[in-house]
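Report on one structure; see the data block that follows.
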Amino acid sequence: MPTAVLTDRERTAVQAYLRLLHTVRAAFDVEGGPPVVPPAVLADAERALDRAGLSGNEEAFFRLLQTWCPEPRC
């Protein structure tokens, strides 16, 4: 498998997405109420995607994500 070298901004976007993904999973694991994702986590992911030029370009973003984190449950 070819190795891609991510830019700092791309790496930040991938890391923000993974934090968001883990937060959402944790929110769904909590019993007794609806899942809640803190607005700051969503905003962090949005800012990181914008800075990396990936906002609105899901195909490129998920290609980077799969290259950096190929396991389905990173």
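All of these numbers come straight from a predicted model, not from anything done at the bench.
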* If you look at every heavy atom in T12 and A48, which pair is closest and at what distance? -> O-CB, 3.9 Å
* **side chain to side chain donor-acceptor pair (under 3.5 Å) contacts in which one or both residues fall within residues 38-47, not counting sequence neighbours** => R19-D44
* By salt bridge (charged side-chain N to carboxylate O under 4.0 Å, His left out) - contacts of R51 (at least two apart) -> none
* To do: Quick one: list whatever passes salt bridge (charged side-chain N to carboxylate O under 4.0 Å, His left out) with R9, sequence neighbours left out.
  => none
* **Which atom of L42 lies closest to which atom of L20, heavy atoms considered** => CD2-CD1, 3.3 Å
* To do: Pick out which of D8, V14, T7 makes a side-chain contact (heavy atoms from CB on, under 4.5 Å) with R11.
  => D8
* First locate atom CZ of R25, then atom CG of L21, and finally report the distance between them rounded to the nearest 0.5 Å. => 4.0 Å
